[in-house]
Amino acid sequence: ARFSVAVEQPASQDTLRVNLRIDLGFTPEIRLKFPSAQVFDAVLRDPAGRIVWRWSDGRFFEQAERERAIGNVWSETV
C-alpha cells in the first residue's frame with residue numbers, strides 16, 4: 001500500500017488544496033475502525049514545528065464508533 005499527499009496552490013488564491021490518498025494496489029479491501037466520525041486530520045506547521053492550522057479545529061464529530069472499508073483507492077481533499 002502507498003500513502004501520498006499532493007499540495008497545490010490555486011492561482012491568485014491565498015489557500016492551499018491538499019489531497020490525501022491511500023492506494024492499496026492489489027491488496028484486498030481493508031477495514032478501519034475510528035472512535036468517532038472523524039477519519040483523518042491535517043496539520044500545517046511553521047518552520048519551528050509549531051501548529052499554525054489544524055483542519056479539525058472548530059469542527060464537531062459524532063462520538064460513535066465508525067468502521068470504514070477502503071477498497072483499491074481512497075482520497076480526500078482539504
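Any value given below was found using the heavy atoms of this structure, including those in side chains, with hydrogens, waters and symmetry copies removed.
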Please name the pair of heavy atoms, one in [X] and one in [Y], separated by the smallest distance, quoted to 0.1 Å.
X: I70; Y: L24; result: O-CD1, 3.4 Å
X: S56; Y: F61; result: CB-CE1, 4.0 Å
X: Q9; Y: T15; result: CG-O, 3.2 Å

Handout entry: F60 atom CZ, neighbour heavy-atom count above 12 within 6.0 Å
Key = no

Problem - Of all pairs that satisfy side chain to side chain donor-acceptor pair (under 3.5 Å), the ones with a partner from residues 57-67, not counting sequence neighbours - result: R31-E67, E62-R66

Is [Y] reachable from [X] through a run of hydrophobic residues whose side-chain heavy atoms are each under 4.5 Å from the next?
X: I22; Y: V73; answer: no
X: L20; Y: V43; answer: no
X: V39; Y: L32; answer: yes
X: L16; Y: V52; answer: yes

Exercise for the section: Could you please spell out the steps behind the side chain to side chain contact (heavy atoms under 4.5 Å, CB included) verdict for D23 and N72? Expected result: CA-CA 6 Å; D23 186 348; N72 187 36; 3.9 Å; yes

Completion exercise
Interatomic distance, CZ@R45 vs CD1@I51, rounded to 0.5 Å, equals 4.0 Å

Practice task
List for me each residue that meets salt bridge (charged side-chain N to carboxylate O under 4.0 Å, His left out) alongside R68, sequence neighbours excluded, and say none if there are none.
Solution key: none

Handout entry: Contact list for residues 32-52, test ring pair (Phe, Tyr, Trp, His ring centres under 6.0 Å), sequence neighbours left out
Key = F40-W55

